[in-house]
Structures are given as structure tokens and as C-alpha cells.
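First up is the structure itself, then whatever we jot down about it.
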Amino acid sequence: MQRLKIARLLTNGPLDSEVDVRGWVRTKRESKQGFAFVELNDGSSFNNLQVVVDRAVPGYESLLKQLTTGSSVRVVGTLKASPAKGQAVEVHAREVEVYGTADAEKYPLQKKGHSYEFLRDIAHLRPRTNTFGAMARVRNTVCAAIHEFYQSRGFLYVHTPIITTSDCEGAGQMFQVTTLDLALLARQQREVDFTQDFFGKPASLTVSGQLEAETFACGLGDVYTFGPTFRAENSNTTRHLAEFWMVEPEMAFYDLEDNMQLAQEFIQHILRAALERCPDDMKFFVDRVDKEVVRTAETIIQNEFERVTYTEAIELLQKSGQAFEYPVEWGVDLQSEHERWLTETKFCKPVILYNYPRSFKPFYMRCNDDGKTVRAMDVLVPRAGEIIGGSQREERLDVLLQRMQECHLDPEQYWWYVDLRRYGSVPHAGFGLGLERVLLLLTGMTNIRDVIPFPRTPRHAEF
Ligand code: 4AD
Ligand code: MG
């Protein structure tokens, strides 16, 4: 008999027919009348399937002992309309096979209600909890929606390298990649000679696929890259990971306004997909994590994002009467307290801040004629703060070279990037969206370590 998944059984399972279902026991309740209710979950749905096991099932007495929380089973039985409240259907078992037991004395998830901190230390078992099941399904839906969004608009999915020899953001937060024996070099007190290294020069894990994506956009039009991204920022915050996933669209013939419009439609598409396709998981986040998450997502889907220049934002912040920890003046980078005030208090919706001072933005952003600002944009949202960073790119060779000098970058090292401005240069723009930041927004989870399967943060890479 073919195995059926619980999601299917709960929605349109074959009533009064025999079914084969497999999964992990969440709970077991014994009744005095000689049967037991077992709640089974197989990951296909937030909801469990109720299985009724009675005395007629072979090995009933020993099954009662073995069907503890966490054990894995195969059940063959009849799918019936359930007489009781709480579930529409249930399976009346004819036969139960235990694949693996889980010692009730030792199984870490025997009891409910563990803290997220505790669960982080058992990241190999947390997929079996309600929270991480819901998170995994929402994350999966978001990823599918990301591809759909770009594929339906004719964007090409480009795989940019993980190992790179150029620093896109110029912020010096790169993890070095080497095959040199550093311990040996240290013992011998020798200088590092990178010509002897694997690539013949220093290499790192990418902080962004943007520069490489630009090469494809400047030849094929609209592209996007979506992959793991690495930053060695030693900041132990609830919004930073050392390894995260970033989606980076890059579009030829786009200016900053086109870029902003795409960013808004993109975020709205993702949120809509999650609300439509993961109603049970989203209900869990509302009930158990943050009761506003669905309402927030709906508001974001229905409204235009607020567009505010950096200069206007500074004025608003200065006039706000708020006592910020970091004072605001034109020319400083905004702190998350400022970003939160703008998006959560002032506008109560996503805010696109644009035209930032060039002093603290990367070399590739297009310079405005005022000589002070660049065509940068950040999308700020309630809860998660900055979820998108992007810009129109500097397509003018002379201005780019001048900016590289200003940023102390050697154009020789970026020769291929500069070349794009030599041959058939076009106006273009793009942005990067942090997948985990979107998940913070969607789920209401407050720590970014709880929206990625295996978080990497300073001093943490156990699994
Ligand atoms: O603003 P960022 O640094 O922009 C770039 O890397 C550009 N090259 C993107 C582009 O234009 N193609 O990063 C983009 C987004 C941020 O807004 C944030 O959502 C996410 O990536 N992000 C992080 N997410 C988790 N942990 C970190 N350490 C992150 N750093 C950035
Ligand atoms: Mg940024």
C-alpha cells in the first residue's frame, strides 16, 4: 500500500479506506476503556493526525510502552470521520510497526515548552518541534516564492561564486579561504606567501554576489542570484548571522525608482505567498509568538511603501523629540533605534530610505549631482529593521574610478568590474534581500538564530 502524507489525509484523504501513514509520535493518551490516542506528525502539515490504537491491534500492551513522544512508527488502518471535536478525521489502526523508540527518560523533547536557547543547543532535534516545523515550512514557501517571482518576470537565475577574490562591500568582513598550513607557518615564523596558496592570491567567502551578478545583467538584462553569504562581523546581535542567505536581483536599464518599485512588489509577493500557502503555520505564529504578524503582513501587502530621502529622515528624527542613544546628525549612519522609530512609530509601514551620504556607502553606488549623496536605498520594516540594501550602480567609468580612489580601492584588482564600464556600459540597479530578515518579519521570531536551520554566529558552529 502506498504511504500517504498527513497533510493529504487531513484535507482530502480517502474516507473509510485503508491508509498507510508514517511519522513521529507527538503525544499519546491512554483511555481506561482499553485504547489509546496517538498524535502523529510527519512534517507535511502543522497539524497532527490522531490515530486510535485499540486492544485488537497486535502487540497492544507492548505498543503502549513503545509509543512514547519522539518514537517513529508506521500505521496501517482505516481513515474515519472523527466523532470528537478537534479533528475532522482520525485513523483507526489495524497494525502499528515501531521503527525507532525514544527513551522517555532521556529524549530531550519529552516535555513541551522548552526555551529557544535550549533548542538551539539541540539543533538536530528542533525540527521535531511545532515552532521549527512551522519555520521550516514557511522558509521553504518563501524560497519557492522568490524563484517564482523572478522566473515569472523573465529573470535568469545566475549562480555567483561562493569563493571570491574581491570584496564587494569593502567592509573587511570576509572569511579567508586558504589551504596554507597556518599553524606550520606560525611555528616557523614565516611570512604568508599567497602565491603559494591554492588560488595564488588571497581568497575569501563571498559577502555578496552582486559584482558577479552585474556582469550577467550587463549582457543578459535581468538576473538574480540566491545563495549563502558570509560575513565575519563580530557582532552578537539578534539580527546578524555569519552565514545567511541573500537574494540579489540585478537589472540592466533600471534606475533607482524602478529598483524601489521592484523591491516593494517582491516583498509583497513573498508575504502573500506565505499567508496563502501556510495558513496553519502562520496561525501558530500568531497564537504562540506574536499576535500581530499576520496583520502586519497584510498591511504591508496592501499599502505602498513610504519613500523618504536620508536627508528628510534625519530631519524627522531630529524633530521627533525622542531620546535616542545615538544622536542623529546629517552624515552619520543610522542605528537600528532610528530605523525602528521611522518604520514602527512614525510611518507604521515599510520605509524606503534613499540618497544616502556617499561617505559611508560602498564604491559601486551611483553618485548624485549634489556631490554628497549616492543613489542608495534601504528598505526598513517593522521588527526586522533593514531587510533590503541596494542601489543604482555607477555606470560612468570616470566617476567609478574616482570613487574607487576615494574608497582606497585598487582598480587593477577590480579590472573586470571596471571593464563593464568600458564596453557597452548601461544604467543598472539591484538590491540584496536577507532571507532570514524576511522570516523575522513574517514569523515574529525575535532572534535570527531561530529562523535558519543551523545558525553560525561568533563561537557557534556546532552542527
Ligand atoms: O545591505 P547589504 O550589505 O547589501 C549588499 O550586500 C549589496 N551588495 C546587495 C546588492 O545590492 N546586491 O546586505 C543586503 C541585505 C541586508 O539588508 C540584510 O537583509 C541582509 O542582507 N544581511 C544580513 N542578514 C543576516 N546577517 C547578516 N550578517 C547580514 N548582513 C546583511
Ligand atoms: Mg545594508
Side-chain angles (χ1 to χ4, degrees), residues 139 142 146 150 155 158 160 164 166-175 205-217 222-251 254 256 259-260 262-263 266-267 270 310 333-336 338-339 343 350-354 356-357 360-366 374-381 383-394 417 428-442 445 447-452 455-458 460:
R139 190 178 164 109
V142 165
I146 286 168
Y150 291 112
F155 283 57
V158 173
T160 50
T164 173
S166 51
D167 180 359
C168 175
E169 294 304 292
Q173 298 169 325
M174 306 189 78
F175 285 102
L205 296 178
T206 186
V207 295
S208 162
Q210 175 199 326
L211 303 189
E212 292 90 349
E214 279 187 54
T215 70
F216 275 73
D222 298 336
V223 303
Y224 68 108
T225 175
F226 181 15
T229 310
F230 306 86
R231 299 212 179 160
E233 30 196 352
N234 207 351
S235 51
N236 248 315
T237 78
T238 54
R239 294 182 206 189
H240 290 89
L241 290 162
E243 179 180 298
F244 62 100
W245 284 67
M246 184 152 53
V247 192
E248 297 180 90
E250 191 69 36
M251 297 74 62
Y254 266 51
L256 190 66
N259 209 26
M260 291 187 202
L262 188 77
F266 179 39
I267 291 173
I270 291 175
Y310 168 88
D333 202 355
L334 295 182
Q335 301 293 324
S336 67
H338 309 132
E339 297 178 343
T343 177
V351 176
I352 309 183
L353 283 188
Y354 65 101
Y356 279 81
F360 59 83
K361 286 292 184 187
F363 73 98
Y364 54 72
M365 296 186 172
R366 194 179 199 278
V374 286
R375 308 230 80 197
M377 62 173 227
D378 277 2
V379 180
L380 316 177
V381 294
R383 277 189 199 86
E386 180 201 326
I387 59 170
I388 280 182
S391 75
Q392 188 172 335
R393 316 306 188 191
E394 184 53 77
Y417 187 78
H428 61 291
F431 60 80
L433 168 106
L435 175 64
E436 289 75 19
R437 300 269 177 98
V438 175
L439 289 167
L440 289 178
L441 167 68
L442 253 176
M445 299 293 284
N447 194 321
I448 199 162
R449 294 160 212 222
D450 298 330
V451 294
I452 188 167
R456 270 89 185 84
T457 53
H460 284 282

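One is the number of the first residue; the rest follow in order along the sequence. Counting starts at 1 for both ligands and their atoms, following the listed order. Nothing here was measured: the structure is a model prediction, and the numbers come from that model.
The distance from atom CD1 of Ile388 to atom CG of Asn259, rounded to the nearest 0.5 Å, is 8.5 Å. The CG atom of Leu205 sits 12.5 Å away from atom CZ of Arg231, with the distance rounded to the nearest 0.5 Å. From Glu214, atom CD reaches atom NE2 of His428 across 3.5 Å, with rounding to the nearest 0.5 Å.
We find that Arg393 and Glu250 are joined by a salt bridge, their nearest charged nitrogen and carboxylate oxygen being less than 4.0 Å apart. Between Arg239 and Glu436, none of the side-chain N atoms (NZ, or NE/NH1/NH2) sits under 4.0 Å from a carboxylate O, so this pair counts as no salt bridge.
The neighbour count for Tyr150 OH, taken as heavy atoms of other residues, nucleotides or ligands under 6.0 Å away, is above 12.
Each of Cys168, Glu169, Ser208, Gln210, Arg231, Glu233, Arg239, His240, Leu241, Phe244, Met246, Glu248, Tyr364, Glu386, Ile387, Ile388, Gly389, Gly390, Arg393, Gly430, Phe431, Gly432, Gly434, Arg437, Ile448 has a non-hydrogen atom positioned under 4.0 Å from some atom of ligand 1.
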Report the C-alpha separation of Arg437 and Ile448 in whole Å, then their side-chain angles, then the decisive distance to 0.1 Å, and conclude whether the side-chain contact (heavy atoms from CB on, under 4.5 Å) test is met.
CA-CA 7 Å; Arg437 300 269 177 98; Ile448 199 162; 4.2 Å; yes
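The Mg ion (ligand 2) has Glu386 OE2 as its protein N, O or S neighbours under 2.8 Å.
When each of Leu442, Leu439, Leu241, Leu441 is checked for a side chain to side chain contact (heavy atoms under 4.5 Å, CB included) with Val451, only Leu439 meets the rule.
Checked against the 6.0 Å centroid threshold, Tyr224 and Phe266 do not count as a close aromatic pair.
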